[in-house]
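Everything quoted here is computed from the prediction, not taken from an experiment.
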Amino acid sequence: MLHRRGLLAAGALGGAALVASPLARPALAQAAPVRIGMITSLSGPGAYLGQDIRDGFLLAIEQGGGKLGGTPVALLVEDDGLKPGQGKQIAERFVGNEKIRLLTGIVFSNVLGAVLPDVLDAGAVYASPNASPSNFAGRDCHRNYWSIAWQNDSLHESAGQAAQNLGHKRMFLLAANYQAGRDAIAGFRRMYKGEVLGEIYTRLDQTDYAAELARIRAARPDAVYQFHPGGLGIAFLRQYAQAGLAELVPQVVAAPSMDSTTLAAVGEAALGMTVGSHWNSDFDVPASRAFVAAFRAKYDRLPTYYAQQGFDTALAIGGAFRNGGADLADTEAFRKGMLKADFASTRGRFRFGPNQHPVQDWFMLKVERGADGKPALVTKAKILSDHGDAYAAQCRL
Amino acid sequence: MREHPARERAALLLLLAAAALLPFLATALGSPATVPLASRIVIYGIAAASLNLILGHGGLVSFGHAAFYGLGGYTVGILYAHLAPGDPFLGLIPGSNQLAVTLPAALLVGGLGAAAIGALSLRTSGVQFIMITLAFAQMLYFLFASLSAYGGDDGLSVRRPNLLGPLNLRDPATMYWVALGALALWLAFQRRLVRSRFGRVLEGIRQNEARVVASGIRPYPYKLAAFVIAGMGAALAGALMVNAMRFVSPDMLHWTKSGELMVMVILGGIGTLLGPVLGALALVVLETGLTALTENWQVVLGPILVVVVLFSQGGLAALFRRRPASDAPGAAGGRLPRLLSWRRRHG
Amino acid sequence: MALLLEQLLNGLQLGVMLFLLAAGLTLVFGIMGVINLAQGSLYMVGAFAGAALAARTGSATLSLLGGIAAAAAVGMAMELAVLRRLYRRGHLDQVLATFGMILFLNQAMTMLAGRQPLFVAVPPALEGAVEIIPGVPYPVYRLAIIAVGILVAAGLWLLIQRTRLGMLVRAGATNREMVRALGVDIRLLYTLVFGLGALLAGLAGVMAGPVFSVQVGMGEQILITTFVVVVIGGIGSVRGAFAGAMLVGLVDTLLRAFLPDLLRGAIGGPDADALAGGLASMGIYLLMAIVLLVRPRGLFPAHA
């Protein structure tokens, strides 16, 4: 008998744990702030990206005195650990139990791919501060899905355009062997018209690039384009400089391969690199100057473009709230408000294209020695104006 | 101690009926996200139970179980990806979104994968076996991460989950019931298997391989068969999970997933019938609870695992045991591992 | 020809790096029978401690000593607190407990050092490149890594074969009771051996600082490859770890270096590049499968 009671106790315990798990919080009264759910990567190799997005977003709320566009907001942040399953689980909880109608924060495309269908099916809105893969910009675009960053390919198109403008004729391309790496090379080649001497796909768990560097040296290209996110890129850049290639073959890369955090970790090895980007911390735009100063004052570090995207996303949402979209039960009203892009973007000019992805200018940055003798990213020239993305044509909204 | 198979069966059926009521309870309590969460627990339960077959009953410490879980998942994902455009996979196999087709396909793929990996890995034992299963799983992980036709690292969306006759798995409650049914069937199958001659030989190999060899039985075919069956169970779980998640990515094959499955088995109680399911429940609830509490949840979860390993002999299932079962390492076909009964690990 | 020589050197250097990690892993297994997944975390601890000290003091020597000491200290603490209780348990418990420790150490390091990767400069004395192969400047730092690795291998061999400690270690592996009867504190011996394994991982971590990326999770990135090395070499054998590391380093490097061109000759186009990338990343696992098919206990099985 004991035996069976034990079993039943197990069942009851399980059921109770499930239903009364720390997940159900009471519904809030109407006067309560608009709640925004942020799912982002705060552990694992991409953790600093999520941290910057969150900090940028929080800064915007703080500057608004707890409000975005005049509407009080509350931000709930949870860590997806760079696991799609975990991100989806959080989204289900946010949308299903907490009845949150506006989500943001995801850093990586694979997490976004797992989370987005559920969020959209539930009629909620997602505003992306980073990951913006091609399918959601084209065929699978949606009225409730926004990117305030860029479409992924644009980053690499800007690098391709920069290489083209610099007059490099023969280039060597490398990327980590995963989807974003392939997209990167495809994006680069969309704008770069010169000869490609070789394409190398490196392993995602690779730490040593000596074999690839030797091949580059043997091929003698005019320049190298490479896409290695985060720690992979840091290892690559260090070894590139140590092999003496930095003086011989310049690099042209996209922003993810050289943000200010990567630069701090790589140091002098990055000198002379050209970077395509939509924003840089030295932008001569009032909104940007104010943002960089406030971010440095609050967090005591230079904001990466991830922080800037988090900040801009919060501002864009504020703009939508200000323009009649504060009641998220009416997502069409939010959409109308959002489409106006009524906010002072840190990038200067910013508007949404027909697929609700940014149309913006792209710039060429160069790593140079700053006034303090340390390497810094310096904005050089505008290379693309009012640049949207290649997938907008496939989107029917 | 006498066994009470009839009583046990009745208790299990009662438990199943109670679990089936969960979606109603969740709706009544205004916590709809609990249903997909429960589906996930149930599905992890299948994967962990299948791992328990080789881990607990066969003594084979496989650190690559996520490989078969992922293979099952990708079978569903790839068949779905070939459905809409209408071009057959490899020019031969048409796409499908019928669970009646995709599930057997997943079992087949998982079984074949386990047969190939198992045939090689089982030539080794002990730590070599742990490491070689891990390495094979990582190899598959990198294969899928670089498979650009199916989304590579970004994974593959399954916008519309499979259909099972008139049932649409898109409805969370339907998904949950299907998963629960699969779990019940799998556990029933595994319970029979463990009690059969096959199960007794497996148990004998775990306790004392030399004695089994001495009695004229070659252990290798038994181990391989168990490995393949376990692989099929993991593939079943993977196939269901992709339907529940509507998404498949190489994350499913990552080595940390294999680790999590092992944790579930240990947490719940190795070598017991319901232990792995309890372990899945505990780990998912713990993870969900901790991530909601703090960003630094791993700093709490890690030591919890260590403490569980160090101090909880027999896992959660041991809490429900009647009294410590004696663990006389008998001959091949000795004591049957009983439902939720406890026995010391690794004899 | 120069390219081939350069790539061989690259393979050697990767092999040496893998050896330092594999040596600790295999030593701990061979002597205590413990499988330690957290070896990668000790590598991370060494790298972070080294990077932090280098940034504070600017001294490469202090950074090296500090990194090694930190890894050894964390390693011994781990042994005292947890692993010591697991010697008599099965591998499954060891795998799980050390898996839990990985989660803990990674997150604790994140809380301590932050999420940003750290900068580590090459020590000034080892900057620049020399032309040991005509026309191919090779970084001095990489040559230094090769030298240190070979020295450590030789030192380990001497330690195990020629010293009293090594004798006790060998005896302890085969017969604990006998060593205890000799009046030796076997628990202390085990703690020391574990500390030695951790120290080697820390050394690898400090040396990896200027070359690889110092960030949380760096240990797991290289851990699986280390397993492959240990399995190929034969678990528990330091000699095997050395041979396995060299083999894996060379095979991996040469595949990445020459496979794409070979395939380009055969099929051509970007397909060749993608295929070569995929094959090269599976190469070492295939190598392991082949070795185990021929010799299930690895190339140099311990206690054969």
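Between the side chain of C:R89 and the backbone N or O of B:L310 there is at least one donor-acceptor pair closer than 3.5 Å.
Summarising the geometry, atom CD belonging to B:Q128 is positioned 7.0 Å from atom CZ belonging to C:F29; distances are rounded to the nearest 0.5 Å. The distance from atom CD1 of C:I290 to atom CG of B:L120, rounded to the nearest 0.5 Å, is 10.0 Å. Between atom CD1 of residue C:I232 and atom CE of residue B:M131 there is a gap of 12.0 Å, rounded to the nearest 0.5 Å. Interatomic distance, B:L140 CG to C:Y285 OH, rounded to the nearest 0.5 Å: 10.5 Å. To the nearest 0.5 angstrom, C:R297 atom CZ is 7.5 Å from B:S125 atom OG. Atoms CE and CZ, from C:M288 and B:F136 in turn, are 5.0 Å apart once rounded to the nearest 0.5 Å.
Using a 4.5 Å cut-off between heavy atoms, C:I284 does not touch chain B at all. Heavy atoms of C:V82 lying under 4.5 Å from chain B belong to its backbone as well as its side chain. Of the atoms belonging to C:M111, it is side-chain heavy atoms, and not backbone ones, that fall under 4.5 Å from chain B. With a 4.5 angstrom heavy-atom cutoff, C:I224 touches chain B only via side-chain atoms. With a threshold of 4.5 angstrom between heavy atoms, B:I132 approaches chain C through its backbone and through its side chain. The contact between B:L55 and chain C is made entirely by side chain atoms (from C-beta outward), counting heavy-atom distances below 4.5 Å.
Annotation for C:L96 and B:G259: closest pair CD2-O, 4.2 Å, computed over non-hydrogen atoms. Closest non-hydrogen pair, C:F227 versus B:L134, comes out as CD1-CD2, 3.1 Å.
Interface summary for chain B: among C:L105, C:L37, C:T98, C:L292, the most heavy-atom pairs under 4.5 angstrom belong to C:L292. Among C:A81, C:G298, C:A97, the residue making the largest number of heavy-atom pairs under 4.5 Å with chain B is C:A97. Heavy-atom pairs under 4.5 Å with chain C were tallied for B:T256, B:I130, B:V263, B:V127; the largest tally goes to B:V127.
Side chains of B:M139 and C:L286 form a contact here, defined as non-hydrogen atoms less than 4.5 Å apart. In this structure, C:E220 and B:W255 have side chains that are in contact, with non-hydrogen atoms separated by less than 4.5 Å. Side-chain atoms of B:V265 and C:L92, non-hydrogen and from C-beta on, never get closer than 4.5 Å to each other.
Residue C:L103 forms a side chain to side chain contact (heavy atoms under 4.5 Å, CB included) with just one option from B:V299, B:V306, B:L301, and that option is B:L301.
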